Amino acid sequence: SRSSPRLRSPVTPGPARAFGRGVDVLLDERTGVRSEVERQLAELEALARANGSALGLASNPDPTVVSAIAAWSTGLEARGAVVAPVTALI
């Protein structure tokens, strides 16, 4: 797994997981700060490019996270990437 301590949630005892796969980036660890969410999305996109895929998880998305994801995903196809369902990664 590519999980690291920075990906751990304060309420999760181990690395974050979704559907049996390690989560690469938790998008809502520090919610409410749009620039932080945008940085996390850029990290997710870079990991996907480097590794062929990456799993981001917004387990408790607030309006800031949702709007950042919507804005980021609008330009993905032009950048040669897509949002895929988690089932495509497991």
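Everything numeric in this text was worked out from a predicted model, so none of it was measured.
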Worksheet item: Between atom CD of Gln40 and atom CD1 of Ile69, what is the distance when rounded to the nearest 0.5 Å?
Response: 9.5 Å

Worksheet item: Which distance, rounded to the nearest 0.5 Å, do you find between the CG of Leu41 and the OG of Ser73?
Response: 9.0 Å

Worksheet item: Shared ILVMFWY cluster between Leu76 and Val37, side chains joined below 4.5 angstrom?
Response: yes

Practice prompt. Indicate the atoms forming the closest heavy-atom contact of Ala58 with Leu27, along with that distance.
Written response: CB-CB, 4.3 Å

Practice prompt. Would you please test Val86 and Leu55 for side-chain contact (heavy atoms from CB on, under 4.5 Å) and show each step?
Written response: CA-CA 7 Å; Val86 69; Leu55 179 60; 3.6 Å; yes

Item to complete: Identify the two heavy atoms, one from Ala48 and one from Ala54, that lie closest to each other, and give their separation to 0.1 Å.
Response: N-CB, 3.6 Å

Item to complete: Drop me the distance from Glu36's CD to Thr64's OG1, to the nearest 0.5 angstrom.
Response: 12.0 Å

Discussion item. Do Val83 and Val66 sit in one hydrophobic cluster, given that two such residues count as connected whenever their side-chain heavy atoms are within less than 4.5 Å of each other, even indirectly?
Written reply: no

Worksheet item: Can you tell me how far the CG atom of Asp24 sits from the CG atom of Asn51, to the nearest 0.5 Å?
Response: 7.0 Å

Item to complete: State the CZ-CZ distance between Arg79 and Arg49, to the nearest 0.5 angstrom.
Response: 7.0 Å

